There are 2 protein chains.
Amino acid sequence: MVKDDMANLMKKIPIESVTLGIGDVARATGVAQSKLRYWESKGYIKNHAVTDKSNRKFTYKTVLQVQLIKSFLADGYTLTSAVARAQKRAIYLDALRSFFEDRFAQMDVADHTATIDLGPFDPTPSKHLMAKRTDQQWRFYLATPES
Amino acid sequence: MVKDDMANLMKKIPIESVTLGIGDVARATGVAQSKLRYWESKGYIKNHAVTDKSNRKFTYKTVLQVQLIKSFLADGYTLTSAVARAQKRAIYLDALRSFFEDRFAQMDVADHTATIDLGPFDPTPSKHLMAKRTDQQWRFYLATPES
DNA sequence: AATATATGTCAAGTTAGTTGACAAAAACGG
DNA sequence: CCGTTTTTGTCAACTAACTTGACATATATT
């Protein structure tokens with residue numbers, strides 16, 4: 001049984017610190033590099049280049065943003081409104097990350113089962129909320145924390 | 001209030017499909033490119049290059065793996081055993097992802113609160129387990145799903 | 001129709017990554 | 001401790017990836 005502090009690892013490599021090149025973003029999203037350059041020039045997506053001479057770099061968050069813009073464009077929105085709509089949804093990633101950092105206290109993985117300790121279950125704080133995967137399915141239950 | 005199917009977006013861009021260059025991995029982890037090349041040559045980390053002529057590509061999972069190997073090395077483990085130890089923890093990311101795909105039915109974000117519907121609470125399946133963030137803190141509660 | 005927005009292409013130049021060779025630490029086995 | 005193997009760094013020549021700017025063009029917008 002492997003037992004470890006997963007949240008700690010995730011904090012060592014914040015997702016914002018992982019950047020990728022324009023080719024990687026284009027491949028992942030199916031959006032042409034020329035579009036990405038134009039969108040960047042208009043300030044719709046952010047360039048995280050390390051120096052002013054170096055190549056463009058983007059984050060995973062931008063990848064999601066680009067994917068969103070792409071689908072809104074496909075739905076017939078103009079670029080400007082597609083960007084605005086994508087903007088509102090960008091906060092999801094932040095919310096998601098804060099949830100993981102806040103609540104994934106501990107995680108155990110054995111051969112075929114995984115268990116996540118989600119910390120105190122607020123309606124009954126003496127018990128911990130646990131999630132367990134068996135047979136490809138996650139189920140919740142309450143447990144009294146040890147020690 | 002923005003309301004949308006976030007899990008769906010994340011599924012459109014599986015994290016494994018996002019690849020990054022060796023420079024990006026080196027920057028994110030602080031591990032030298034020469035090390036990464038050597039580790040790859042020994043099969044400790046996987047190269048996802050698109051063609052046999054093109055440059056090395058790695059995934060976010062590899063970034064975590066590299067970070068793990070690095071910390072085990074710093075703890076005094078040999079490279080071989082650091083790799084073995086990192087291997088066991090690599091499944092965390094898969095477990096995390098499967099939890100997310102399985103359980104993040106819906107997510108709502110308003111100005112200062114975020115709410116995640118985690119689906120039926122198995123001890124009381126008629127109610128849904130909800131997570132809500134207020135004041136930078138996530139709390140769980142049960143709710144009767146609407147319609 | 002005229003103008004502004006959005007995208008594609010191409011060439012010449014720059015930055016990033018590759019390989020192979022070599023050197024040299026660091027770990028290992030006896 | 002010594003010889004060997006593993007692991008890492010550096011460097012030069014080469015290739016791949018990306019950049020910019022110019023131009024063409026298609027698609028809105030007014």
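From a predicted model like this one, the values you see are computed outputs, not experimental measurements. Every chain is numbered from 1, with letters handed out A, B, ... down the list of sequences. Worth knowing before you read on, the calculation uses all heavy atoms, side chains too, and leaves out hydrogens, waters and symmetry mates.
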**Q.** Side-chain N or O of A:Arg56 closer than 4.0 Å to phosphate OP1/OP2 of D:dC18
**A.** no

Q. How long is the line joining NZ of B:Lys53 and P of C:dA16, in whole Å?
A. 24 Å

Q.
Testing A:Lys57, A:Arg97, A:Lys61 one by one against A:Glu16 for a salt bridge (charged side-chain N to carboxylate O under 4.0 Å, His left out), which residue passes?
A. A:Arg97

Q. Mapping B:Lys57 and B:Gln33 onto DNA chain D by nearest heavy atom, which one lands closer to the 5' end?
A. B:Gln33

Q | Position toward the 5' end of DNA chain C (nearest nucleotide), A:Val50 or A:Thr78 | A | A:Thr78

Q) According to a strict under-4.0 Å criterion, is A:Thr80 in side-chain N/O contact with OP1 or OP2 of C:dA6? A) yes

Q: Among B:Leu96, B:Ile91, B:Asp94, find the one that has a side-chain contact (heavy atoms from CB on, under 4.5 Å) with A:Val109.
A: B:Ile91

Q | A:Asp24 CG to D:dC18 P, straight-line distance once rounded to whole Å | A | 6 Å

**Q.** Options D:dT8, C:dA27, C:dT7, nucleotide nearest the side-chain atoms of B:Leu79
**A.** D:dT8

Q.
If you only use heavy atoms from C-beta on, which nucleotide in D:dA17, D:dT19, D:dT7 is closest to the side chain of A:Ile22?
A. D:dT19

Q: Between C:dT15, D:dG9, D:dT8, spot the one nearest the side chain of B:Ala32, thanks.
A: D:dG9

Q. Is the B:Phe140-A:Phe140 ring centre distance short of 6.0 angstrom?
A. no

Q: Identify which nucleotide among D:dT8, C:dG8, D:dA16 has an atom closest to any side-chain atom of B:Asn55, counting heavy atoms from C-beta outward.
A: D:dA16

**Q.** Value in whole Å for how far the P atom of C:dA6 lies from OH of A:Tyr77
**A.** 17 Å

Q. What is the distance, rounded to the nearest whole Å, between atom NZ of B:Lys35 and atom C1' of D:dT6?
A. 13 Å

Q: Using a cut-off of strictly less than 4.0 Å, decide whether A:Tyr38 has a side-chain nitrogen or oxygen near OP1 or OP2 of C:dT7.
A: no

Q. A:Arg37 side chain: which of C:dA27, C:dT7, D:dC18 is closest?
A. D:dC18

Q: Take the protein atom CD of A:Glu40 and the nucleotide atom C1' of C:dA6, then report the distance between them rounded to whole Å.
A: 15 Å

(Q) Counting the benzene-type ring for Trp, do A:Phe121 and B:Phe121 have ring centres under 6.0 Å apart? (A) yes

Q: Can you tell me the distance, in whole Å, between the CG atom of A:Leu36 and the P atom of C:dA6?
A: 15 Å

Q) Which nucleotide sits closest to the side chain of A:Ser34: C:dG8, C:dT15, C:dA6? A) C:dG8

Q | Length of the CG-P vector between A:Asp52 and C:dT14, whole Å | A | 15 Å

Q: Check the hydrophobic clustering (I, L, V, M, F, W, Y; side-chain heavy atoms under 4.5 Å; chains of links allowed) and say if A:Leu79 and A:Val63 are grouped together.
A: yes

